[in-house]
Novice: 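The following block contains the structure, expressed as structure tokens.
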Number of protein chains: 2
Amino acid sequence: MQQASSGYLKGRIRREDIIAAAAALYAEAGYHGSSLREIAKRAGITHAGLIYYFPTKEALLAAVLERRDADAVERLQLDIPAGLDYLRHMVALMEYNLRRRGLVDLYVRLAAEAVGADHPAHEYFDRHYRMARDHAVASFAVLGERGELRSGVDPAVAGLSFIALMDGLQVQWLTNPDRVDLVGAVRIFLQDLISVEL
Amino acid sequence: MQQASSGYLKGRIRREDIIAAAAALYAEAGYHGSSLREIAKRAGITHAGLIYYFPTKEALLAAVLERRDADAVERLQLDIPAGLDYLRHMVALMEYNLRRRGLVDLYVRLAAEAVGADHPAHEYFDRHYRMARDHAVASFAVLGERGELRSGVDPAVAGLSFIALMDGLQVQWLTNPDRVDLVGAVRIFLQDLISVEL
DNA sequence: CCTACCGATCGGTAGG
DNA sequence: CCTACCGATCGGTAGG
């Protein structure tokens with residue numbers, strides 16, 4: 001029993017190692033550009049050993065995306081209700097991202113790769129964007145009901161544009177970090193839309 | 001002489017065919033995901049024949065990017081002076097892009113792939129973003145000098161955010177065209193920043 | 001421009 | 001988890 005339990009634990013740790021190695025390589029080379037052999041090498045096993053844990057390349061991608069969501073919810077409480085606090089949390093997320101270039105890399109590269117309907121992560125990103133937009137739109141709508149929105153601001157457009165702005169800024173920031181004030185631009189964009197202090 | 005002239009013409013046409021085929025495949029599969037064999041097949045030659053025209057995979061990428069720039073300048077007059085007309089032209093460019101999904105695909109995919117400093121198109125996109133930002137910033141600055149900017153708007157931030165917004169909107173639009181009003185969002189963003197009619 | 005080929009690498013399987 | 005292997009595909013070269 002102890003043996004089995006220990007075995008399970010070791011397996012779980014090994015799985016985490018593989019997922020971390022995959023996420024790092026996806027960020028550097030994209031999903032299609034990442035080989036199972038290179039991921040396995042970074043995790044300290046052979047590529048056939050990796051397949052023992054994840055039966056296909058796509059299964060590993062799914063695990064990486066699930067892991068990313070779990071982390072985001074856990075550390076950044078992305079499940080907080082729509083409203084001003086949600087927008088503040090998104091600014092905090094951008095600040096956090098400044099110190100996690102690999103994470104931003106992974107996200108930007110996979111999102112671009114997955115615009116095609118045949119990419120294994122397409123449905124994930126379609127759902128991801130829909131949820132991000134809906135939550136942002138709902139947040140601006142809440143502010144609107146309280147009269148805390150600048151006059152003439154449409155929550156639907158503001159929500160869509162807010163998500164788009166963050167994505168676009170990340171691409172430019174990754175390309176040349178010195179020339180792009182990620183957090184500053186997001187903060188100013190939001191403050192311009194609302195009549196209360198961010 | 002006529003033979004040679006005819007030969008040169010045929011060569012130029014063949015080169016254009018290869019470039020068009022490459023651009024189309026880059027949009028579908030990314031640069032690293034596109035094989036010289038598949039590009040050659042679409043252009044109606046063998047992959048060794050393609051290499052007769054473009055000695056390496058990177059040389060073909062360079063030709064595709066040069067071609068894209070030449071097209072943009074020619075058809076959309078991107079070399080117009082900074083100011084309100086430039087912003088109007090960018091809105092027209094977004095409208096044009098709605099009918100050229102492949103072009104947007106190519107741009108978005110390559111830009112994300114090229115965030116890494118070791119990608120052969122990295123310098124191209126670094127330069128591209130710098131120029132795009134500079135021109136947008138200059139345009140807002142011109143409006144500011146004329147008193148046609150909403151009070152409190154910083155041209156530097158507005159320029160950066162404008163370029164980022166367009167990029168981010170394109171990713172969401174490619175992922176799910178039905179849910180994203182590309183042109184509408186850009187228009188509203190700009191109109192909110194300026195005090196004259198767009 | 002082609003045929004024919006090179007060494008390297010890919011995802012996945014067999015069998016233990 | 002490994003060794004050993006499969007068929008397929010990659011960018012590039014030789015030689016014409």
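Below, chain A is the first sequence line, B the second, and so on; all start at residue 1.
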Novice: Is a side-chain donor or acceptor of A:His122 paired with a backbone partner of A:Gly116 at a separation under 3.5 angstrom?
Specialist: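 Looks like yes, one N/O pair under 3.5 Å.
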
Novice: Mind calculating the distance between CG (A:Leu25) and C1' (C:dT9) to the nearest angstrom?
Specialist: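 Result: 14 Å.
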
Novice: Assign B:Ser35 to base, sugar-phosphate, or nothing according to its heavy-atom contacts below 4.0 angstrom with the strands shown.
Specialist: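 Sugar-phosphate: the residue B:Ser35, judged by heavy atoms under 4.0 Å, touches backbone atoms but no base.
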
Novice: Take atom CG of B:Leu36 and atom P of C:dC6, then tell me their distance rounded to the nearest Å.
Specialist: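 Distance, rounded to whole Å: 20 Å.
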
Novice: Is the distance from the ring center of B:Phe125 to that of B:His119 below 6.0 Å?
Specialist: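 Distance test on ring centres: not under 6.0 Å, no.
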
Novice: Any chance CD of B:Glu123 has more than 12 other-residue heavy atoms, nucleotides or ligands included, within less than 6.0 Å?
Specialist: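 Open.
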
Novice: Side chain of B:His47 only, please: which of C:dT13, C:dA4, C:dG12 is the nearest?
Specialist: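 Selected nucleotide (nearest to the side chain): C:dA4.
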
Novice: Identify which nucleotide among D:dC2, C:dG11, C:dC2 has an atom closest to any side-chain atom of B:Ile45, counting heavy atoms from C-beta outward.
Specialist: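 So the side chain of B:Ile45 is nearest to C:dC2.
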
Novice: Whole Å only: how far is the CD1 atom of A:Ile51 from the P atom of C:dT13?
Specialist: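 Rounded to the whole Å, the gap is 7 Å.
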
Novice: Just the rounded figure in Å: distance from P of D:dC10 to OH of B:Tyr31.
Specialist: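 Spelled out: OH on B:Tyr31 to P on D:dC10 is 14 Å.
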
Novice: Side chain of B:Arg37, heavy atoms from C-beta onward: which of D:dC10, C:dA4, C:dG12 has the nearest atom to it?
Specialist: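 Looking only at side-chain atoms, B:Arg37 lies closest to D:dC10.
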
Novice: One pair to check against side chain to side chain contact (heavy atoms under 4.5 Å, CB included): A:Phe162 and A:Met90. What are the steps and the verdict?
Specialist: CA-CA 10 Å; A:Phe162 175 53; A:Met90 294 311 281; 3.7 Å; yes

Novice: Let's see if you can work this out: which of D:dG12, C:dT13, C:dG11 has an atom nearest to the side-chain heavy atoms of A:Lys57?
Specialist: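 Among the listed nucleotides, the one closest to the side chain of A:Lys57 is C:dG11.
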
Novice: Now, which nucleotide makes the Watson-Crick or G-U wobble pair with D:dG15, with each of the two distances under 3.5 Å?
Specialist: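 Paired with D:dG15, as far as the under-3.5 Å criterion goes, is C:dC2.
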
Novice: Given D:dC5, C:dC5, C:dT3, identify the nucleotide with an atom nearest to the side chain of B:Thr46.
Specialist: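 Nucleotide nearest to B:Thr46's side chain: C:dT3.
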
Novice: For the pair made of CG in A:Leu50 and P in C:dT13, what is the distance, rounded to whole Å?
Specialist: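 My rounded result for the distance is 13 Å.
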
Novice: Kindly state whether the ring of B:His128 and the ring of B:Tyr107 have centres lying under 6.0 angstrom apart.
Specialist: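 Yes, the ring of B:His128 comes within the 6.0 Å limit of the ring of B:Tyr107, centre to centre.
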
Novice: Would you mind reading off the distance between B:Leu60 atom CG and D:dC10 atom C1', rounded to a whole angstrom?
Specialist: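 B:Leu60 atom CG is separated from D:dC10 atom C1' by 15 Å.
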
Novice: Closer to the 5' end of DNA chain C via nearest nucleotide, is it A:Pro55 or B:Tyr52?
Specialist: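 It is B:Tyr52 whose nearest nucleotide is closer to the 5' end.
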
